Amino acid sequence: MAILVALLITLCLLFGNVQCLTRHYEFNIQMKNVTRLCHTRSIVTVNGKFPGPPIVAREGDRLLIKVNNHVSNNITIHWHGIRQLRSGWADGPAYITQCPIQTGQSYVYNFTITGQRGTLWWHAHFSWLRSTVYGPIIIHPTQNVPYPFEKPHKEVPIIFGEWFNTDTEAIISQALQTGGGPNVSDAYTINGLPGLLYNCSSKDTFKLKVKPGKTYLLRIINAALNDELFFSIANHTLTTVDVDAIYVKPFQTNTILIAPGQTSNVLLKTKPNFPKAKFLMMARPYATGSGTFDNSTVTGLLEYESPKLLHHSVKKLPLLKPSLPALNDTTFATKFSNKLRSLASPQFPANVPKKVDKHFFFTVGLGTNPCDKNQTCQGPNGTKFAASINNVSFVQPTTALLQAHFSGQSTGVYKANFPFSPSHWFNFTGTTPPNNTMVNNDTRIMVLPFNASVELVMQDTSILGTESHPLHLHGFNFFVVGQGFGNYDPNNDPKNFNLVDPVERNTVGVPPGGWVAIRFFADNPGVWFMHCHLEVHTSWGLKMAWLVLDGKLPNQKLLPPPSDLPKC
Ligand SMILES: *[C@@H]1O[C@H](CO)[C@@H](O)[C@H](O)[C@H]1NC(C)=O
Ligand SMILES: *[C@@H]1O[C@H](CO)[C@@H](O)[C@H](O)[C@H]1NC(C)=O
Ligand SMILES: *[C@@H]1O[C@H](CO)[C@@H](O)[C@H](O)[C@H]1NC(C)=O
Ligand SMILES: *[C@@H]1O[C@H](CO)[C@@H](O)[C@H](O)[C@H]1NC(C)=O
Ligand SMILES: *[C@@H]1O[C@H](CO)[C@@H](O)[C@H](O)[C@H]1NC(C)=O
Ligand SMILES: *[C@@H]1O[C@H](CO)[C@@H](O)[C@H](O)[C@H]1NC(C)=O
Ligand SMILES: *[C@@H]1O[C@H](CO)[C@@H](O)[C@H](O)[C@H]1NC(C)=O
Ligand SMILES: *[C@@H]1O[C@H](CO)[C@@H](O)[C@H](O)[C@H]1NC(C)=O
Ligand SMILES: *[C@@H]1O[C@H](CO)[C@@H](O)[C@H](O)[C@H]1NC(C)=O
Ligand SMILES: *[C@@H]1O[C@H](CO)[C@@H](O)[C@H](O)[C@H]1NC(C)=O
Ligand SMILES: *[C@@H]1O[C@H](CO)[C@@H](O)[C@H](O)[C@H]1NC(C)=O
Ligand SMILES: *[C@@H]1O[C@H](CO)[C@@H](O)[C@H](O)[C@H]1NC(C)=O
Ligand SMILES: [Cu+2]
């Protein structure tokens with residue numbers, strides 16, 4: 001199959017020596033037979049590629065990406081982390097900003113990249129299709145603007161994924177039917193490859209070939225469906241310089257932690273001389289829930305290009321392994337997230353809201369739904385698993401929220417009464433859970449006036465056991481001003497908030513049995529999805545949406561929908 005990516009570049013703007021381009025891509029959604037772990041599966045792909053093709057752009061560019069759906073599934077594509085200023089129609093979550101692109105239909109995603117540079121990613125945002133439909137978004141800084149760190153010799157995307165030997169759509173549909181936890185993946189992958197530690201997979205190993213004494217920029221993306229991951233390279237130190245396409249104060253670490261939805265640029269300095277060893281890179285989960293999970297390990301190889309003289313002896317070199325934190329090492333996770341700080345420099349300031357207009361307190365966690373009368377369910381005590389925010393388990397509407405809002409036809413689609421805080425206060429992280437674990441199902445959204453400064457505290461619950469939840473907010477970056485364990489204390493915890501150089505990002509882990517406080521300016525009109533990026537929790541309802549109203553000025557209003565916007 002010919003590669004169908006057509007990249008035409010047309011000049012759109014010229015000011016000074018800075019060029020702003022329009023970049024055209026074509027994404028053909030098509031099936032492809034792919035073999036991993038000796039299992040061949042027909043998977044949904046973009047242009048027959050797995051992982052999908054990279055989008056490469058420069059800060060300020062406009063992207064026009066035409067998506068043609070040639071498969072029997074409905075699909076949408078989300079440009080994860082892209083701010084989508086006033087262009088919410090291009091954000092992508094199905095039934096939130098658009099109806100799905102149905103079989104045989106096309107839709108052009110049209111947006112600009114404003115004030116962002118680094119690594120983001122794109123993925124399907126319909127059911128569990130993102131398990132195979134994902135790829136990098138590489139955003140170079142404006143021309144002639146250097147990185148605030150050493151210029152790398154080479155840049156390499158490292159995308160983690162999860163491989164399933166069976167159809168992921170069947171897995172989630174079976175789980176929703178039985179009420180139990182879904183089957184876990186069969187392997188983790190680096191750039192689609194599982195590596196040496198799985199049966200029948202050693203040829204499918206990602207190899208990073210390097211030269212001694214150079215600096216490499218690894219653009220790391222966690223595209224796994226349901227698992228946070230630790231990542232390390234034997235005998236090498238990584239320097240984190242950016243997360244979620246925002247520069248951070250550089251820090252060195254042997255291991256990084258990355259949740260689904262998160263991205264990070266790290267520098268890898270190779271050894272000055274050709275070493276007498278080969279090095280494994282490894283990733284495996286950080287898992288805090290009580291359910292079963294895929295506890296396997298993906299490997300890749302860091303290989304030094306050998307000097308000619310040594311060529312014959314390279315095969316015999318010893319293979320060194322990194323040591324990774326324990327699967328449940330929350331102490332490491334906490335230390336790691338505390339190291340992440342914004343640059344907060346004159347060139348890259350941290351514009352943290354100092355005063356707050358709107359305070360919100362949301363509980364996040366698992367709960368249950370009753371089993372149908374004539375059914376036996378496999379969730380807790382014969383119930384069905386559910387998940388909620390403030391005990392509201394989000395019910396997906398049958399038309400897109402943004403369309404309903406824009407056309408003034410929200411009645412029967414959503415209610416603008418999402419709770420500011422839980423209706424029922426209890427010991428959120430106590431060891432004795434409440435006797436009623438049932439959630440409410442509803443399609444409720446929270447309305448924000450334009451430019452409101454928002455503080456949101458998200459509190460994990462222990463109702464069905466504590467668990468880390470990577471919460472992702474569409475349409476915004478936010479500052480992570482505080483986090484802690486136990487129940488959030490509104491009197492004392494804010495005293496320790498970091499309003500100077502907190503990390504700015506789009507996906508943050510709510511600590512297991514703890515809380516996280518974020519702040520942002522609601523400066524982007526539209527309907528913005530917020531959800532756990534563990535796909536199983538999203539399927540169970542751990543999601544909601546914000547409606548940010550238009551501002552008064554003409555440039556503070558959501559633009560009208562494009563004419564090809566899909567209909568439900
Ligand atoms: C995948 O393989 C099956 C069985 O060999 C074949 O019938 C099918 O056409 C293939 N699909 C694609 C997309 O190549
Ligand atoms: C993309 O969106 C911009 C801003 O709304 C609009 O001016 C332009 O015509 C659109 N381009 C296409 C090809 O739809
Ligand atoms: C999930 O795993 C169970 C047990 O191995 C198996 O019986 C079932 O068919 C699997 N479901 C799907 C959808 O693959
Ligand atoms: C790798 O690290 C181990 C443990 O720190 C050390 O003993 C060994 O010498 C290192 N090997 C290389 C080739 O760097
Ligand atoms: C992974 O889980 C399996 C089954 O639950 C268990 O037998 C195995 O020991 C675990 N492996 C590791 C490395 O924890
Ligand atoms: C982590 O897991 C180990 C066993 O794998 C267990 O002994 C330990 O108590 C666990 N730690 C926490 C904090 O849950
Ligand atoms: C349960 O009952 C409903 C209606 O009473 C019926 O539609 C459904 O097929 C039944 N499900 C099973 C598994 O028997
Ligand atoms: C399940 O039932 C047992 C025994 O009645 C009870 O102790 C436990 O809390 C229940 N769990 C849930 C999740 O409802
Ligand atoms: C909540 O539960 C935890 C663990 O059971 C306990 O240590 C704590 O004191 C409780 N907090 C309150 C306010 O009851
Ligand atoms: C929950 O259980 C406690 C003690 O087991 C009981 O006192 C309380 O009334 C129960 N609450 C509800 C709402 O059933
Ligand atoms: C929520 O929806 C489920 C079906 O998804 C249903 O079984 C349950 O009764 C509903 N719960 C409430 C409180 O309405
Ligand atoms: C695809 O989306 C349309 C519009 O929402 C819906 O009517 C249809 O049932 C969906 N089909 C599938 C297979 O999900
Ligand atoms: Cu979650």
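Residues: numbered from 1 along the sequence shown. Atoms within each ligand, like the ligands themselves, are counted from 1 in listed order. Here the structure is a predicted model, which means the values were calculated and not measured.
Taking the N/O/S atoms of H469 in turn, the shortest distance to the Cu ion (ligand 13) belongs to ND1. Taking the N/O/S atoms of H537 in turn, the shortest distance to the Cu ion (ligand 13) belongs to ND1.
N487 and N427 are linked by a side-chain donor-acceptor pair at a separation below 3.5 angstrom, with hydrogens and angles left out of the test. A donor-acceptor pair shorter than 3.5 Å cannot be found between the side chains of D523 and N451. For the residue pair Y198/S296, the side-chain donor-acceptor check at 3.5 Å is satisfied. Counting only N and O atoms by type, the side chains of S468 and T288 include no donor and acceptor under 3.5 Å apart.
Applying ring-ring contact (aromatic ring centres under 6.0 Å, His included) to F520 and the options F360, F478, F476 leaves one that passes, F476. For the side chain to side chain contact (heavy atoms under 4.5 Å, CB included) criterion with I29, the lone passing option out of N47, T103, I77, N68 is I77.
When heavy-atom distances to ligand 2 are checked against a 4.0 Å cut-off, V108 has no atom that comes that close, whether in backbone or side chain.
A donor-acceptor distance shorter than 3.5 angstrom exists from the side chain of S337 to the backbone of A333, with no hydrogens or angles considered.
Ligand 2 places these atoms under 4.0 Å from at least one heavy atom of L559: 5 (O). Below 4.0 Å from some heavy atom of N110 lie the following atoms of ligand 2, by number and element: 1 (C), 2 (O), 3 (C), 8 (C), 10 (C), 11 (N), 12 (C), 14 (O).
Closer than 4.0 angstrom to ligand 6 lie heavy atoms from N328.
Remark: aromatic rings of H80 and H125 are distant, center separation not under 6.0 Å.
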